[in-house]
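The next block holds one structure in the form of structure tokens; read it before the comments.
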Number of protein chains: 2
Amino acid sequence: MKRQIYDCQAGCPVESTLQIISGKWKSVILYHLLQDEVCHFGSLQRDLGHCSRRMLALQLKELEQDKIITKTVFAANPPKTEYRLTAWGQTLAPVIQAMAQWGENYNQRQKHMNRVE
Amino acid sequence: MKRQIYDCQAGCPVESTLQIISGKWKSVILYHLLQDEVCHFGSLQRDLGHCSRRMLALQLKELEQDKIITKTVFAANPPKTEYRLTAWGQTLAPVIQAMAQWGENYNQRQKHMNRVE
DNA sequence: CAGCATCCTCTTTGATACTG
DNA sequence: CAGTATCAAAGAGGATGCTG
């Protein structure tokens, strides 16, 4: 796997953060994990809509490798998997929440602009 | 150009934000613009280090199209270009600052872990 | 259900050369 | 200096089939 995208040696803190959360779906996954605490593979896939099974699995694996989330497998039939944030992963809450808040503003603004045009 | 990456119709606020700032270098560019207020093409390129001229130009253009930054050209010789945040772009400050803060924590943590190992 | 492996396609990105 | 144009290489991501 690749994974080293940014030159974090340079010390730019934003690049360091991006190194962890810049995957296409990672922030969205974290957003749902902050809201629900526990998520299953299937529920995440429903929530994300446009994210394929393959992509979702990849993003989850990277988050797990980076110790942002944990995965617990229940080997039943059908099997079930639980994902949740680690304590360390929870420190990302301010970042994700800031993103969510800005996005809400943005959505409002867009709605308003459509009315005006 | 492509540009529509996420299904923002679904209403997920995090996806809306990503739609604007998820370009590989956008957050980093915004970070420097928040610190310096005015940046030139060359200074940004120095700050970003690993970002090619081509990439930098692309990212700046997209940010400009999304009305996050403005570009002012001084047709001197040598020419000079100034980039700065729009008022709307400045509303991204909390997001970028949260990212910067988390990244600083992360860098500290990494330094500490290296000592321990 | 929750994934991994494979194949295949479309993008993204870096290198390079050129311009006002 | 601040870009743009072009080309080739690398990577991202979808579709599908297989597994426990």
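Chain letters run A, B, ... following the sequence lines, proteins first and then strands; every chain starts at 1. Computed from a predicted structure; not experimentally measured.
- Distances shown here put every side-chain N or O of A:Thr81 at or beyond 4.0 Å from the OP1 or OP2 atom of C:dC1.
- Counting any heavy atom pair closer than 4.0 Å across all strands shown, A:Tyr83 reaches sugar-phosphate atoms only and no base atom.
- The shortest distance between the side-chain N/O atoms of A:Lys71 and the OP1/OP2 oxygens of C:dG3 is below 4.0 Å.
- With rounding to whole Å, A:His50 atom NE2 is found 11 Å from D:dA15 atom P.
- With C:dG3, C:dT13, D:dA15 as the candidates, the nucleotide lying closest to the side chain of B:Lys24 is C:dT13.
- Between A:Tyr31 and A:Met99 the shortest side-chain heavy-atom distance does not fall below 4.5 Å.
- Regarding B:Leu58, its CG atom lies at a distance of 14 Å from the C1' atom of C:dA15, rounded to whole Å.
- Rounded to an integer number of Å, the gap from CD1 of B:Ile69 to C1' of D:dA2 is 14 Å.
- Nearest-nucleotide positions on DNA chain D place B:Gly42 closer to the 5' end than the other of B:Gly42 and B:Arg54.
- Following rounding to the nearest Å, A:Leu56 (CG) and D:dG13 (C1') show an atom-to-atom distance of 13 Å.
- Listed nucleotides C:dA2, C:dG14, D:dG13 differ in distance to A:His40; the shortest reach to its side chain belongs to C:dA2.
- Remark: side-chain polar atoms of B:Thr86 are paired, donor with acceptor, to backbone N or O of B:Lys67 under 3.5 angstrom.
- Here the side chain of A:Arg53 is nearest to one of C:dG3, D:dG14, D:dC1, namely C:dG3.
- When rounded to the nearest whole Å, the span between CD of A:Glu64 and P of C:dA2 equals 15 Å.
- Comparing A:Pro78 and A:Ser52 against DNA chain D, the residue whose closest nucleotide sits nearer the 5' end is A:Ser52.
- The backbone N or O of B:Arg84 sits nowhere less than 3.5 Å from a side-chain atom of B:Glu37 that would complete a donor-acceptor pair.
- Side-chain proximity of A:Pro79 to the nucleotides D:dC1, D:dG13, C:dC1 is greatest for C:dC1.
- Heavy-atom contacts from other residues, nucleotides or ligands closer than 6.0 Å to CD of A:Gln101 number 12 or fewer.
- Taking the side chain to side chain donor-acceptor pair (under 3.5 Å) definition, one finds that A:Ser43 meets it with nothing, sequence neighbours left out.
- Of the listed nucleotides (C:dA2, D:dG3, D:dG13), D:dG13 has the atom at the smallest distance from the side chain of A:Met55.
- Each end of the helix from C:dC1-D:dG20 to C:dG20-D:dC1 gets its own axis, taken as the rotation carrying the C1' atoms of four end pairs onto the next four within a five-pair window, and the two axes meet at 50° to the nearest 10 degrees.
- Note: NZ (A:Lys80) to P (C:dA2) measures 7 Å, nearest angstrom.
- Between the side chain of B:Tyr6 and the backbone N or O of A:Trp25 there is no donor-acceptor pair closer than 3.5 Å.
- Using modelled atom types, no side-chain atom of A:Thr91 and backbone atom of A:Ala87 make a donor-acceptor pair closer than 3.5 Å.
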